[in-house]
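Working notes, beginning with the structure itself.
Counting convention: from 1, in listed order, for ligands and their atoms alike. Since the structure is predicted, the reported quantities are computational estimates derived from the model, not experimental observations. Residue indices begin at 1 and follow the sequence shown.
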Amino acid sequence: MRRSLVLLSAGLTVLSTGLCAGLASAQNNTPRNLILFIPDGLRALKVTPETAPAMAEVRDKGVNFKNPHSLFPTFTMANGSAMSTGHYLGDTGVFSNTIWTNYTSAPAGDTVVPFIENDVVLGDIDEHFKGDYLNEETILKMARDKGLSTAAIGKVGPTYQFDHKDKPEQAGLHSVVFDDSTGGKNGVALSDEVKAALAKAGLPLASPPRGDNSKAGDAKTPGTTVANIAQQAYFADVATKVVLPMFKARNKPFVLVFWSRDPDGTQHNQGDSLNQIKPGINGPSTMASIKNADDNLAQLRKALDELGLAASTNIMIQADHGFSTISKESKTSPSAKVSYDDTPNDFLPMGFLALDLAKALDLPLFDPNDKNAKIEGNRHPKAGNGVLGKDPTKPDLVIATNGGSDLIYLPNKDKKLAARTIKALLEQDYVSGLFVDDQLGRFPGTLPLSSINLRGKAATPTPAIVVNFRSYASDCGEAPTNCSVQVADTVLRQGQGMHGSFSRGDTMNFMAAIGPDFKAGFVSELPVSNADVGMTAAQLLGLRGAQNGGLVGRVMSEALPNGVVPKAYKAVEKSKMSESGLQTVLNVQRVGSQRYFDAAGFPGRTLGLEPNPGKQKTAGK
Ligand SMILES: [Zn+2]
């Protein structure tokens with residue numbers, strides 16, 4: 001099968017010329033300080049001077065990236081891996097938040113499909129994959145090797161991933177790491193210097209829990225209505241009263257990563273919309289969580305001013321992904337017709353993909369999060385994950401459940417089973433777009449993993465099939481990307497929030513930057529991505545690591561003073577039609593050889609997917 005390309009010819013010569021221009025100041029002299037601020041799950045178009053004044057100010061006075069991209073699968077750990085290395089997921093191997101590792105991880109709960117937002121689990125996976133599951137150097141590790149001060153503060157998982165190669169009990173001696181686990185038995189150790197500074201600032205040695213904000217509710221009980229205020233206030237205080245003053249006193253450049261769990265955590269769990277599509281993730285709890293992240297940024301910027309660091313510090317703000325309201329509706333799913341204790345009638349249960357595939361393929365289903373217990377009758381897998389086959393310890397097929405997209409692994413690389421699985425997936429109305437490992441061959445209706453940069457030098461196993469779920473825009477009264485609704489494989493309820501899909505609502509993350517190495521008052525129409533964030537950060541800091549893989553982002557030269565402004569073009573890539581007339585369509589933008597993925601799926605089943613946008617130049621001179 002050949003992907004048909006509708007596009008460009010003129011655009012290809014433009015690139016590669018000016019990528020390093022405009023960076024002389026950062027290269028030849030001591031680099032400026034850098035703060036990477038990640039408002040987890042913040043949709044680009046939710047930021048206004050009213051909803052998020054501090055972020056709006058950075059966007060409007062610094063660089064406004066109007067054409068941003070989260071990488072698909074649009075999950076936290078995946079996009080965190082791109083920000084921290086500059087590589088796409090095909091190289092980092094962090095294909096999602098729950099992945100199949102092909103060994104039983106004890107700290108993850110004796111499972112082959114660990115949820116990796118956990119420092120000890122990441123340490124365990126590192127150990128299994130020769131000390132570095134990412135297989136690429138991170139900017140924080142490179143920066144501290146070069147003598148810069150480094151810290152990562154915020155949500156557990158992506159924070160530690162920025163500097164993960166040392167054991168959690170040792171890592172505090174290098175980068176300063178604060179996350180949900182700090183002070184607990186699984187937390188990253190703090191150095192004596194940091195402990196003393198905490199005491200002096202009157203701050204505790206342990207992170208406060210999320211409290212009510214962590215309550216997701218259930219089918220009858222609404223989830224939280226409070227943002228993650230207390231925990232993040234602690235992180236912001238640690239950053240502004242302990243870490244930044246300490247870094248200033250050292251009088252050398254620093255890198256600080258601040259990963260704000262809000263709005264993500266609140267958008268997931270919010271109880272504003274139980275079992276209802278509206279207001280979904282546009283209710284009051286969500287708005288409070290956006291303001292919470294914004295308040296943290298404002299506190300950081302105020303501290304920079306007071307410490308006299310503002311003029312020498314660059315700030316890059318990028319959400320890891322956008323967000324969508326959850327739908328649990330399907331007319332075709334057999335699992336939606338079964339009744340479960342914890343799921344409203346006719347709604348998709350958690351683990352619907354595993355349940356429906358087990359039935360379609362006539363294979364026994366076992367629960368890898370419940371000691372491989374067999375799933376039968378009115379039950380669903382506890383965490384949605386499933387291992388299929390006669391022997392659960394040697395499965396034929398593994399499903400890693402994540403949300404707006406799921407991963408399927410075929411440990412035996414069985415092409416016939418791949419074909420049967422794809423046929424079954426094409427029959428479900430909740431599927432919108434399938435991406436298949438190039439090694440398994442080409443299948444009508446699907447595009448290869450390589451088409452979205454998911455095939456590279458990953459140390460962890462590459463999925464056989466990535467399944468994207470259906471999305472659409474509700475009539476929420478805002479821009480379509482703010483009204484995204486998606487089918488999601490999750491314990492969360494219809495009306496709560498999820499991401500992970502190829503909806504433009506999930507790929508359109510908030511991105512902005514400000515500081516001495518960025519243009520001021522600049523609106524950029526050029527496509528940028530979270531892989532570009534890692535490459536641009538490395539360039540600003542004058543870091544150059546050895547690269548294992550070649551799937552790298554681009555330095556965002558257009559945002560830098562005197563940097564070259566390249567051209568961008570739009571393209572549409574299409575798979576062959578399946579027997580039933582389904583075709584995976586991928587909307588791409590190109591800047592030279594760099595490809596950006598706007599949206600993908602079956603036409604009519606993905607928000608923002610344009611089947612035929614035509615030949616079009618999108619930006620640049
Ligand atoms: Zn999330």
Quiz prompt | H69 and Y596 aromatic ring geometry - parallel, tilted or perpendicular at 30°/60° bounds | solution = tilted
Quiz item: If you measure from the Lys or Arg side-chain nitrogens to the Asp or Glu carboxylate oxygens, is any gap between K382 and D370 under 4.0 Å?
Solution: yes
Quiz item: What does the angle at the Zn ion (ligand 1) come to, between atom NE2 of H499 and atom NE2 of H268, rounded to 10°?
Solution: 100°
Exercise. Establish, yes or no, whether a centroid distance under 6.0 Å links the rings of F72 and F597.
Key: no
Quiz item: Are F469 and F352 close enough that their ring centres sit under 6.0 Å apart?
Solution: yes
Quiz item: So, D40 and the Zn ion (ligand 1): N/O/S under 2.8 Å, yes or no?
Solution: no
Self-check item: D264, N/O/S atom nearest the Zn ion (ligand 1)
Solution: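 It is OD2 of D264.
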